[in-house]
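Residue numbers start from 1 in every chain, and the chains themselves are labelled A, B, ... in the order their sequence lines are given, proteins ahead of strands. Keep in mind that this is a model prediction, so the values were computed, not measured. Heavy-atom basis, side chains included; hydrogens, waters and symmetry copies ignored.
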Number of protein chains: 2
Amino acid sequence: MQNWRCNLFSEFDLAPTRLAQQIQFVLEIDKLKGVLRQTLLTDASRRENSAEHSWHLALMAIALAEYAPASIDLSRVVQMLLLHDLVEIDAGNTFAFDIQANQDKAEREQAAADRLFGLLPPDLGQPLRACWEEFEAAETVDAQFAHALDRFQPFLHNLQTEGGTWRLHGITCDRVLGRMQPVKQGAPALWPIVEALIHQAVAAGYLLPDPDTTPPSDRSYPDRLHPD
Amino acid sequence: MQNWRCNLFSEFDLAPTRLAQQIQFVLEIDKLKGVLRQTLLTDASRRENSAEHSWHLALMAIALAEYAPASIDLSRVVQMLLLHDLVEIDAGNTFAFDIQANQDKAEREQAAADRLFGLLPPDLGQPLRACWEEFEAAETVDAQFAHALDRFQPFLHNLQTEGGTWRLHGITCDRVLGRMQPVKQGAPALWPIVEALIHQAVAAGYLLPDPDTTPPSDRSYPDRLHPD
């Protein structure tokens, strides 16, 4: 890679270094296709990778935009969703319910952002880095809608796969309710559906009841499940 | 899926049918992650699927926008690239150099577009269908830039994988030059690099020389390659 790119751009006088940086970024981000998430595809055939997940969220933003606050900038939300997981190329994907791995997640992702957005010329890399920082801060309506979709998509996949990672890891409904709070904030019109689906998921045995409110003797779920 | 969705939406009075259609579309498009292209990932570990390919192109549009004609609408190009391959969920991915499979491609893809965009409420589905038709027609600058990226990305992957699908299928450089013409039209500033890389690919043995200009006795390529 180094060779052909160096050979190539030495022959051109059209800002070779700039284009080389852009092509290097384009080739580098291909690695996100190899970063696996815990979430299963809806046919349960395999785990989802973070690149195809990002594509799914971007199209969800377009299909579900009407459930966002009226003031969102949809094209900015789409860009934010396309790049929101790029840092996982270096930092890896951290399972939402893995408390230990989430402790140093922020540091690992900041270092990854330095390297990855730093591959681009600053006039391109800095605005994209700022868009990612905006997503991470989750303070703007655009970022809050993006977060809502980032929680709603794996939620739908877990329902579609009869509990998916919830059953695999023995997740209780109180933790899913907590995990889904960004939907309440960023796409409030979707919250009633989320609550209703969580109740149906518990009734269907896809999700464990809240351990604080349900005595273990009253719980019903397959033996293979191991609640927290 | 049918059951929980029907149960759920019968309990709500917030345009249940509309939201049900949108969620059905969101779940249906997950299938694009299972449609494999001929192109390999840049680490040659596996074939790329059409969902992650679409994500890659959308971010390429953002990183390489300056090489497009000044008049493009970048957010429209990004939307176009996100949905340009959705029809492959029904029609499958047709290898660029498979002449026979390309003969009825258009019919198969029109039927797929009818079904897939038809899953959405018309006020959402019709504009997305129109955006896909615009891509297919390749007459606007937005569509032509999108096509240029759709050709440039697998081109970079083939170079990065020492010939990738070119070597696998014994493709000659004249066919790649023809295949890459949309770059000349949609992103003319990238054309000199494409031409130079094709020459380097032939010199490196990643791509076969033009059979019409090179006598077989003069060709040099690994024995395992089978030219057309």
Proximity of W166(B) and F155(B) rings by center, below 6.0 Å: yes
message: Which one wins on heavy-atom pair count under 4.5 Å against chain B: L190(A), L120(A), L64(A), V78(A)?
response: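 Greatest number of close heavy-atom pairs with chain B: L64(A).
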- prompt: Highest number of heavy-atom pairs under 4.5 Å with chain B: which of L83(A), D43(A), L32(A), L128(A)?
  reply: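 Among L83(A), D43(A), L32(A), L128(A), the one with the most close pairs to chain B is L32(A).
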Under a 4.5 Å heavy-atom cut-off, does chain B meet the side chain of [X], its backbone, both or neither?
X: L124(A); value: side chain
X: E162(A); value: neither
X: R76(A); value: neither
X: V26(A); value: both

query: What residue, out of L59(B), L86(B), L82(B), N49(B), has the most heavy-atom pairs lying under 4.5 Å from chain A?
result: L82(B)
message: Quick check for you: among Q79(B), E52(B), H199(B), which has the greatest number of heavy-atom pairs under 4.5 Å with chain A?
response: E52(B)
query: Should R18(A) and E66(B) be marked as a salt bridge (charged side-chain N to carboxylate O under 4.0 Å, His left out) after you check the CA-CA gap, both sets of side-chain angles, and the distance that decides it?
result: CA-CA 11 Å; R18(A) 180 176 177 83; E66(B) 70 200 69; 2.6 Å; yes
query: So do the side chains of E109(A) and W132(A) get within less than 4.5 Å of each other, counting heavy atoms only?
result: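 When only atoms from C-beta onward are counted, W132(A) and E109(A) do touch, with a gap below 4.5 Å.
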task: State, with a plain yes or no, whether a side-chain heavy atom of R115(A) is found less than 4.5 Å away from one of D90(A).
output: yes
- request: Mind telling me whether H147(B) and F135(B) have parallel, tilted or perpendicular rings, with 30° and 60° as the class edges?
  value: parallel
message: Students often mix this up, so state it plainly: with edges at 30° and 60°, are the rings of H157(B) and H56(B) parallel, tilted or perpendicular?
response: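 Rings of H157(B) and H56(B): perpendicular, as their planes differ by over 60°.
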